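A short worksheet on the structure shown next.
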There are 2 protein chains.
Amino acid sequence: MPHDRHRPVTLQEVAAAVGVSAKTVSNAFSRPDQLSAALRERILATARRLGYPGPNPLAAGLRRGRVGAIGVAYDNGLSYAFDDPVAVALLAGVASAAEPAGSGLLLVPGSSDPARRLAAVSDAVVDGLVVSSVGDDDPLLAAAIVRGLPLVVVDQPRPDRLAALGAPGTPWVGVDDRAAAAAVAGHLLDLGHRRLAVVSFGMHRDPITPGLVDERAQAAATYAVTRDRLAGYRDAARRAGLDWAGVPVFHGGDSTPEVGEVGADAVLATDPRPTALLCLSDRLAEGALQAAARLGLRVPGDLSVAGFDDAATAPGLGLTTVRQPTREKGRAAGQALLDLLAARPAPAPRSLPAELVVRTSTGPPA
Amino acid sequence: MPHDRHRPVTLQEVAAAVGVSAKTVSNAFSRPDQLSAALRERILATARRLGYPGPNPLAAGLRRGRVGAIGVAYDNGLSYAFDDPVAVALLAGVASAAEPAGSGLLLVPGSSDPARRLAAVSDAVVDGLVVSSVGDDDPLLAAAIVRGLPLVVVDQPRPDRLAALGAPGTPWVGVDDRAAAAAVAGHLLDLGHRRLAVVSFGMHRDPITPGLVDERAQAAATYAVTRDRLAGYRDAARRAGLDWAGVPVFHGGDSTPEVGEVGADAVLATDPRPTALLCLSDRLAEGALQAAARLGLRVPGDLSVAGFDDAATAPGLGLTTVRQPTREKGRAAGQALLDLLAARPAPAPRSLPAELVVRTSTGPPA
DNA sequence: ACCCGCTTCTTCATCGATGAAGCACGCGAG
DNA sequence: CTCGCGTGCTTCATCGATGAAGAAGCGGGT
């Protein structure tokens, strides 16, 4: 009797050892009500003795068509996601929906190699997917759509774009970025600022050379979030009678303090110097505050700085910003996916409320 | 030709449509070098036309014996994990190892129902497991062990306990909690403190009534981390000639600021009032600082407070603490697991370095 | 003319379980 | 005595792919 040292014991082998059918062993583990308590005990004892690890979840999943996990794919991959508190909050929200349902959360790995990035989505062993914040033309989303699994999209692309991609009716959760952005910009304009500047994160997935971008480029952003926030700022500016073309808009790569600092430097070097900075995220704003400090500009005396998100760090920085219910967004997305999986009616795309939070980083211009 | 609206197209069907064998279609997707480019194109085109979602990763995983994901099971479940910055840092570390390897990260859901909590481990569709910080007798670990998958343990149980559980040689990553705890305590004693008190998180998985605990109870903790940190404090106290029995040790449930605040209140109510608080985590210390502020005690003038972990919040709080390389711990654990999966030599259990970080929350007693 | 080796595709068995349906038995009701 | 039904277990087919081994065609070396 050759003994493979490492091949795990199978259900069949337990069945043979006990002298019952495989199905009965299966039932002993998965449907205790289907056999007598005595036999079940005998089976479990034998299973223990043989070192049977329990029904292989992979095989069971194949047969059942369910694996008890939902996937989350994030534009920038895991390393970045864990560095950004807002991304973490979103994950926390999804988890808070998945956990009570007994569902695992599979974080889909990213990659700098486009093919591997897509393969990770194609190969994810999950019952459904949450795709968070990808560009309008990102093949990642296409890869998620072809899988034909229940799908929920967070933030971007927008519902109209999802329909165009052949996935109409896909549940979507986000906020009205344009209106929210207009609200912060309006706040600064109301304070009397007339020389605004913007520090933005990426407009496209592909790496770019950071720098100032004109209105045409702004409107061409494939990141709908970027596009809409910029549009919101512009709406407010126009409403206040400002010439948007005169507002310097810097755009860099990721949403990090480093990019924010570089961006602030860039726009503060324009003449006349802006009196207020609109940053597309709190992390960018954090960098902008550092730049201001380094340049010896007092905030808000010499320079007002506003962010976006209301990240956990914002209160500590005294940052004026827009609160998005990030965690709730994740929860809603996770719940929507679970609803789809349970064949419950899928919720319609919905924007969660965002609200202006005024703190100490903004004030009237000097 | 009946048309199941929702059953996905299978590889067999694509094969039939093209007029080739199933294996060839499989190769078209997974091993492009195994067939002519022309045929491959034809197959992919047909697949697209039929709406074939690509090889079912579940079925492929079953056949290959690999699913491309590693699992992480955490003592307290996901919701708690995402609330604790230290737990998030650990996850970030694991992710930073998994991602470059193209491996997904499955977060195993927790549950208040013990059976479901274990089932989540048994049913996790993964190639290997990281079990983080569970009690010495936690059946969760037993469930992980019986699965027979490559396994790595973080923090606790300790390697000797793992051997006793029938899993000797299991890679383990953690820090020398006892020595590290002795270092912080020694720091306070060196400053001249003679009236110490301790605020601890749980000693067992089961919920307890918070309160002061004696030395016997301390040594009986099934959380090795708790046990060893307390032992480390005691080592230092004894070395300084202090009677450990006279040191009030509060222990509550989770590692949260709320518990820390309650704990600080409790030990500060003892007479004579302690001049220094040793907290088993920075989150507990955060609560202790709040309690101190509420009681009108100046830190460190009236009360010194020390934490453990060096969480991201610690610098901002000016908290004296012990730095554990949490992220690196996660990375090492993830890497060890990937090594096991690749049949590379598994690293021996190792303690990563921890070091005392003195900030402004500690000073000489009044 | 023959053998070799490469490319390209096929055949066969198998990964490890579970749903659906079926059979045998015992028991209570009519 | 017989029918009906619930309990307890089995049989059969199937979930959707891939590894190993093999066969056909083809060009090149001798």
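Each chain gets a letter, A, B and so on, in the order the sequences are listed, and its residues count up from 1. Quick caveat, the model's predicted, so the values are computed rather than measured.
Remark on DNA chain C: of its neighbouring residues B/Ala22 and A/Arg31, the 5'-side contact belongs to B/Ala22, judged by nearest-heavy-atom nucleotide.
Residue B/Ser36 places none of its side-chain N or O atoms closer than 4.0 Å to OP1 or OP2 of C/dT7. Side-chain nitrogen and oxygen atoms of A/Thr24 include at least one within less than 4.0 Å of the OP1 or OP2 phosphate oxygen of D/dT10. Taking side-chain N and O atoms only, A/Thr10 has no distance below 4.0 Å to OP1 or OP2 of C/dC15.
When atom types are taken as modelled, the side chain of A/Gln156 and the backbone of A/Ala224 share a donor-acceptor pair closer than 3.5 angstrom. Under a 3.5 Å cut-off, the side chain of B/Glu99 and the backbone N or O of A/Ser79 do form a donor-acceptor pair. B/Trp172 places no side-chain N or O within donor-acceptor distance of the main-chain N or O of B/Val154, the cut-off being under 3.5 Å.
Between the side chains of A/Tyr223 and A/Asp136, no donor-acceptor pair of N or O atoms lies under 3.5 Å.
The NZ-C1' distance, from A/Lys23 to D/dG8, rounds to 13 Å in whole Å. Rounded to a whole Å, the CD atom of B/Gln12 is 13 Å from the C1' atom of C/dT14. C/dG16 atom C1' lies 13 Å from atom CZ of A/Phe29, rounded to whole Å. Protein atom CD of B/Gln34 is 10 Å distant from nucleotide atom P of C/dC9, rounded to whole Å. Distance CG (B/Leu11) to P (C/dC15): 19 Å, rounded to an integer number of Å. Rounded to an integer number of Å, the gap from CZ of A/Arg40 to C1' of D/dC9 is 16 Å. The distance from atom CG of B/Asp33 to atom P of C/dC9 is 12 Å, rounded to the nearest whole Å. For the pair B/Leu35 CG and C/dT10 P, the interatomic distance rounds to 10 Å; values are reported in whole Å.
Only A/Leu62, A/Arg63, listed by number, bring a heavy atom of residues 50-64 of chain A to less than 4.0 angstrom from any atom of DNA chain D.
Ring pair A/Phe29/A/Tyr52 is perpendicular by interplanar angle, where above 60° counts as perpendicular and below 30° as parallel. Between A/Phe82 and B/Phe82, the ring-plane angle classifies as parallel under the 30° and 60° cut-offs.
In this structure, of D/dT10, C/dT18, C/dC9, it is C/dC9 that holds the atom nearest to the side chain of B/Leu39.
What you find for A/Ser133 and A/Asp75 is that their closest heavy atoms are O-CB, 3.1 Å.
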